[in-house]
Amino acid sequence: MRILVLGAGIVGVATAHDLAEDGHEVTLVERREGAALETSHANGGQLSACEVAPWAGPEVPWLVLKWLGRPDAPFKLSLKADPDQWRFLWRFLLRCRTSARHERIAPNLELALSTRHRLNEIEAQCAEEGHPLAYDRLNRGILRLFHDKAALQEAAELAPRLEAGGVSQKILGADDCVALEPALASSFQRGEIVGGVYAPEDGSGDAALFTRALSERATRLGVNFRHGLTVARIVAEAGRVTGVETDQGFLDADVVVLAAGVGSARLAKGLGIYLPVYPLKGYSVTVPLGDQGAAMPQVSITDEARKVVISRLGNRLRAAGKAEIAGYDLNLDQARARSVFGAVESLMPQIAPLEGGADYWAGLRPMSPDGSPVIGRSGRYPNLYFNTGHGSLGWTMGAGSARLLADVIGGKLPETALGSFGLDRFG
Ligand SMILES: Cc1cc2nc3c(=O)[nH]c(=O)nc-3n(C[C@H](O)[C@H](O)[C@H](O)COP(=O)(O)OP(=O)(O)OC[C@H]3O[C@@H](n4cnc5c(N)ncnc54)[C@H](O)[C@@H]3O)c2cc1C
């Protein structure tokens with residue numbers, strides 16, 4: 001089949017790659033001049049099966065009120081006169097229940113574990129072909145750190161649910177956290193940490209480096225990358241999509257896959273389809289460290305109180321966090337971006353970034369209200385598929401969702417294999 005994939009982030013590139021691997025004729029259309037230049041560019045780097053629980057939960061409305069007006073608050077809401085924002089917020093609010101959160105853990109976990117498997121598989125294939133992948137992957141686990149006992153207790157209660165799905169976790173005291181990650185010694189001495197939850201099989205890696213390397217393999221498999229081409233609309237005729245209208249003309253196809261991150265909802269809207277994917281802005285700071293030996297962390301860390309993740313990417317350290325509902329605005333608020341790095345300064349004050357090399361970045365997570373991506377066929381057009389809305393977990397779930405969708409499009413798996421990822425779950 002001739003398939004057009006829209007969007008060259010981690011999700012679109014992985015989808016195009018897998019479809020080409022299955023023998024389809026694939027063209028990938030991307031408005032930017034290369035792959036992974038939007039949300040997949042500088043994310044937190046965590047491959048975190050241990051953190052697949054959706055963000056919507058009973059504590060969220062109270063946290064939002066508690067943080068109101070605090071300039072460094074992990075969450076910020078800027079209300080707009082935008083019906084899509086209000087619609088998203090309403091749906092998100094309806095999901096702020098424990099039962100709703102639990103409901104999405106098993107499906108998300110399935111994608112996270114299949115991503116882990118896919119990354120290993122693709123790494124092995126590339127090495128065998130003489131093009132080893134280099135994306136600063138570290139398989140030393142993720143340690144979630146807690147600063148108060150109630151939050152640690154809550155995480156401990158969720159652990160068996162994740163373990164049942166195949167994610168092993170250990171509940172650690174503060175001293176065990178330091179034994180595991182000596183870079184936390186100073187913070188331990190100050191009594192900042194009460195304990196942690198350690199997922200030894202999780203890890204981290206640079207999503208952008210991986211996406212670009214995967215694009216190269218996809219090119220070798222025959223994917224035609226059309227960078228610098230903006231899709232204005234998806235064209236449909238007589239109940240089927242026929243291709244896309246771009247700023248440089250029409251491209252036709254048998255099948256279109258919409259994987260355009262936060263650009264997906266607008267393109268779906270052009271066909272009269274409401275796709276509940278809305279931007280949630282976040283920041284990251286990446287600093288070069290050189291070789292600082294034992295001062296550098298070995299495991300990826302989540303600071304649960306500050307809602308910041310910290311990943312070592314080779315000789316760089318990246319901290320990422322914040323969640324802002326502020327429409328499509330990508331302005332870099334320097335103070336908020338800098339405050340993300342505050343987590344590193346507090347937990348590991350011995351870290352000394354090299355002068356002048358800090359890279360500040362803002363990105364828009366393509367969030368769905370229930371914390372799971374939308375994967376599957378559009379109800380209205382049988383040859384239009386979605387693979388989007390991975391929110392805060394696109395690196396963790398992207399390669400798995402790509403394989404799943406490619407298997408369904410190619411008929412290797414029945415559509416029922418998509419389970420509850422379809423758009424129809426939103427009614
Ligand atoms: C601060 C932050 C930290 C994060 N940390 C993590 C983490 O630690 N672990 C994790 O798993 N996830 C993390 N994420 C989430 C993850 O980065 C995203 O879920 C993922 O990058 C989404 O990938 P995507 O391919 O769907 O979107 P994108 O990477 O944004 O790709 C979509 C592409 O579509 C293109 N496009 C859009 N519209 C059009 C159009 N009309 N025509 C042509 N092209 C178009 C865009 O240019 C873009 O390149 C984080 C996100 C942020 C912001």
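Computation of the quantities below employed the complete heavy-atom set of this structure, encompassing side-chain atoms and omitting hydrogens, waters and symmetry-equivalent molecules. Order of listing sets the numbers, starting from 1, for every ligand and every atom in it. Throughout, numbering of the chain's residues begins at 1 and tracks the sequence.
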(request) Return the residue, atom name and 0.1 Å-rounded distance of the protein heavy atom closest to atom 50 (C) of ligand 1. (result) Asn43 CB, 3.4 Å
(message) Looking at ligand 1, would Thr230 count as a contact under a 4.0 Å heavy-atom criterion?
(response) yes
(message) Are any of the N/O atoms on Arg32, whether in the backbone or the side chain, positioned under 3.5 angstrom from an N/O atom of ligand 1?
(response) no
(request) Write out the residue and atom name of the closest protein heavy atom to atom 48 (C) of ligand 1, then the distance separating them to 0.1 Å. (result) Glu30 OE1, 3.4 Å
(request) Run down the list Gly391, Ser284, Ser48, Ala35 and name the one with the heavy atom closest to atom 15 (C) of ligand 1. (result) Gly391
(request) Please check if the side chain of Arg377 supplies one atom and the backbone of Pro382 the other of a donor-acceptor pair under 3.5 Å. (result) yes
(message) Just to check, does Leu280 reach to within less than 4.0 Å of ligand 1 when the distance is taken from its heavy atoms?
(response) no
(request) May I ask you to decide whether Asp136 forms a salt bridge with Arg312, counting only side-chain N to carboxylate O separations under 4.0 Å? (result) no
(request) If the plane angle is over 60° it's perpendicular, under 30° parallel, otherwise tilted; pick one for Trp361 and His41. (result) tilted
(message) So Phe92 and Ile325, do their side chains get closer than 4.5 Å, heavy atoms only?
(response) no
(message) Within the supplied structure, the quantity of interest is the number of heavy atoms (other residues, nucleotides, ligands) at a distance under 6.0 Å from Trp86 CH2; does it exceed 12?
(response) no
(request) Count the heavy atoms belonging to other residues, nucleotides or ligands that lie under 6.0 Å from CD of Glu415, then report whether that count exceeds 12. (result) yes
(request) Going by heavy-atom distance to atom 10 (C) of ligand 1, choose the closest among Gly363, Gly261, Ser392, Ala36. (result) Ser392
(message) If we set the cut-off at 4.0 Å for heavy atoms, which region of Leu47 has an atom near ligand 1: side chain, backbone, both, or neither?
(response) neither
(request) Please verify whether a non-hydrogen atom of Leu37 lies at under 4.0 Å from ligand 1. (result) no
(message) Using heavy-atom distances only, which candidate in Arg226, Arg318, Gln46, Glu324 approaches atom 9 (N) of ligand 1 most closely?
(response) Gln46
(message) Under the salt bridge (charged side-chain N to carboxylate O under 4.0 Å, His left out) test against Arg116, which residue among Glu110, Glu121, Glu201 passes?
(response) Glu201
(message) Just to check, does Leu393 reach to within less than 4.0 Å of ligand 1 when the distance is taken from its heavy atoms?
(response) yes
(message) Give me the residue, atom name and distance of the protein heavy atom closest to atom 43 (C) of ligand 1.
(response) Arg31 N, 3.3 Å
(request) List the closest protein heavy-atom neighbour of atom 42 (N) of ligand 1: residue, atom name, distance to the nearest 0.1 Å. (result) Val231 N, 2.9 Å
(request) Do me a favour and list the nearest non-hydrogen protein atom to atom 29 (O) of ligand 1 with residue, atom name and distance? (result) Ser40 OG, 2.5 Å
(request) Return the option from Gly44, Ala337, Ala232, Ala8 holding the heavy atom at the smallest distance from atom 5 (N) of ligand 1. (result) Gly44
(request) Looking only at protein heavy atoms, identify the closest one to atom 26 (O) of ligand 1 and say how far it is in Å. (result) Val11 CG2, 3.5 Å
